[in-house]
Amino acid sequence: MAEFTHGFFGEARARAELGLAVFLNAGDPPLPVLKDCVAMLDESGVDCLELAVPFPDSPTDGPVVRRSADRALAEGVGLAETLAFVAAVRPSLTRLRIALLADWSHSLRTAPPADYARAVADSGVDALLAHGLPPRLRPAHHEALREAGLPEVTTCYPASPPATVTEAAAHATGYLYLVARYGRSGSGTPSTGHAGLAPIVGSLRDFTASPIAVGFGVSTAEDLTSVALSGADAAIVGSAGVAVVERARETGADPVDAYRSFIAALTTTPTSRGGHP
């Protein structure tokens, strides 16, 4: 496994720049093409890939991500295939970290927490975000990740109750994902803009020393500047990038080249935290 000298978004934080995470479903593009895409992301200076184990009918995803998951499922990609993929690509990475998003009901529920935590950690995944984890199972899940030495990504919303925020912050050993608005992915920016999340980001600093990443409605370089103005450590780009892959597949273009151009447009000018180029 490649050695890293910083945690999630550590290099960007050290330069006082906004980190960048992107979301893709394992299997869309197909795994052989995704391997080249991961290498490109590493070379392009992207900090983190949120790699989802595809699952159907996600209640929090819009049509772009749901179609992507359906294409990946049609490729036969599940948890085992995703972990094998990570194990194959991980040794060659020099910068890119991989946070695995796995739905509890579809991908994790058939194994005890200690077993799935160990399997995920052994693959070389850098952190796990469990989607749809039942509240009654959270203590065992948190303990299993601690025992496996596997960092955890947790989530909260600007309007989450204080108890939810406190719990999310307490267990965010990878990073804390601040979901900018309620609704499905790809449904637009929050009404006040991402910069308007500054008070929320500031209050979260009182609860965690882990990086804070903002996602939902982030699709352009201007959006990244707005996220930086919030004081967050990183921006997460999801549906917009998935749509790039979809268009490339529909038109017969190379998804890796198309995604490279998308990343280049996002990152032409590094954005400092505070929002200034």
Side-chain angles (χ1 to χ4, degrees), residues 20-79 81-82 84-86 88-89 92-93 95-96 98-103 106 131 180-181 183-189 194 215-227 234-271:
L20 176 62
V22 299
F23 168 94
L24 288 171
N25 275 298
D28 185 51
L31 294 181
V33 181
L34 183 61
K35 179 179 180 181
D36 293 337
C37 192
V38 168
M40 179 274 294
L41 293 174
D42 190 43
E43 294 165 1
S44 299
V46 173
D47 298 283
C48 173
L49 169 63
E50 277 195 354
L51 185 65
V53 182
F55 61 100
D57 304 322
S58 169
T60 58
D61 287 320
V64 170
V65 173
R66 294 178 87 171
R67 289 195 300 269
S68 169
D70 289 343
R71 289 191 296 270
L73 289 167
E75 295 276 344
V77 177
L79 179 62
E81 291 78 14
T82 303
F85 173 81
V86 173
V89 302
S92 65
L93 302 180
R95 174 193 176 96
L96 185 73
I98 298 176
L100 188 76
L101 188 158
D103 180 67
H106 186 77
H131 176 273
R181 63 184 300 278
R184 291 183 171 179
S185 59
S187 55
T189 60
H194 294 97
F216 267 50
V218 182
S219 61
T220 66
E222 291 75 17
D223 293 331
L224 264 63
T225 298
S226 187
V227 171
I236 302 172
V237 178
S239 296
V242 175
V244 169
V245 173
E246 181 174 62
R247 287 194 296 271
R249 297 189 69 173
E250 289 174 347
T251 61
D254 182 351
V256 179
D257 285 345
Y259 207 89
R260 180 185 289 109
S261 296
F262 175 70
I263 294 297
L266 284 176
T267 59
T268 300
T269 303
T271 303

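Keep in mind that the numbers below use all heavy atoms, side chains included, and drop hydrogens, waters and symmetry copies.
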- prompt: Can you find a pair of side-chain heavy atoms, one from N25 and one from V77, that are under 4.5 Å apart?
  reply: no
message: Using 0.5 Å steps for rounding, measure from the CG atom of L24 to the CG atom of L41.
response: 7.0 Å
query: With sequence neighbours left out, what residues match E75 under salt bridge (charged side-chain N to carboxylate O under 4.0 Å, His left out)?
result: R249
- request: Go through the side-chain N and O atoms of D223 and S226 and say whether any donor and acceptor fall under 3.5 Å apart.
  value: no
query: Would you say the side-chain atoms of D42 pair up with the backbone N or O of L96, donor to acceptor, closer than 3.5 Å?
result: yes
message: I need the minimum non-hydrogen distance between I236 and V218, along with the two atoms involved.
response: O-CB, 3.5 Å
- request: Measure across D28 and A72 and return the closest heavy-atom pair with its distance rounded to 0.1 Å.
  value: N-CB, 4.1 Å
- request: Apply side-chain contact (heavy atoms from CB on, under 4.5 Å) to S44 and T267, showing your working.
  value: CA-CA 9 Å; S44 299; T267 59; over 6 Å; no
- prompt: Is any side-chain heavy atom of I263 less than 4.5 Å from a side-chain heavy atom of V22?
  reply: yes
statement: Taken in chain and number order and not counting sequence neighbours, the residues that satisfy salt bridge (charged side-chain N to carboxylate O under 4.0 Å, His left out) with R260 are D257
- prompt: Closest approach of P29 and L34, non-hydrogen atoms and distance?
  reply: O-CB, 3.7 Å
- prompt: Hey, is the main chain of F216 close enough, under 3.5 Å, to the side chain of H194 for a donor-acceptor pair?
  reply: yes
field: Pairwise side-chain contact, H106 with H131, heavy-atom cut-off 4.5 Å (strictly under)
entry: no
field: Over all atoms of both residues, closest heavy-atom pair of V256 and C37
entry: CG2-N, 3.9 Å
Hey, can you pull the donor-acceptor pairs under 3.5 Å for the side chains in residues 47-57, sequence neighbours left out?
residue: D47; atom: OD1; partner: R95; partner atom: NH2; Å: 2.6
residue: D47; atom: OD2; partner: L20; partner atom: N; Å: 2.8
residue: E50; atom: OE2; partner: Y175; partner atom: OH; Å: 2.7

query: How far apart are the closest heavy atoms of V242 and S68, and which atoms are they?
result: CG1-CB, 3.4 Å
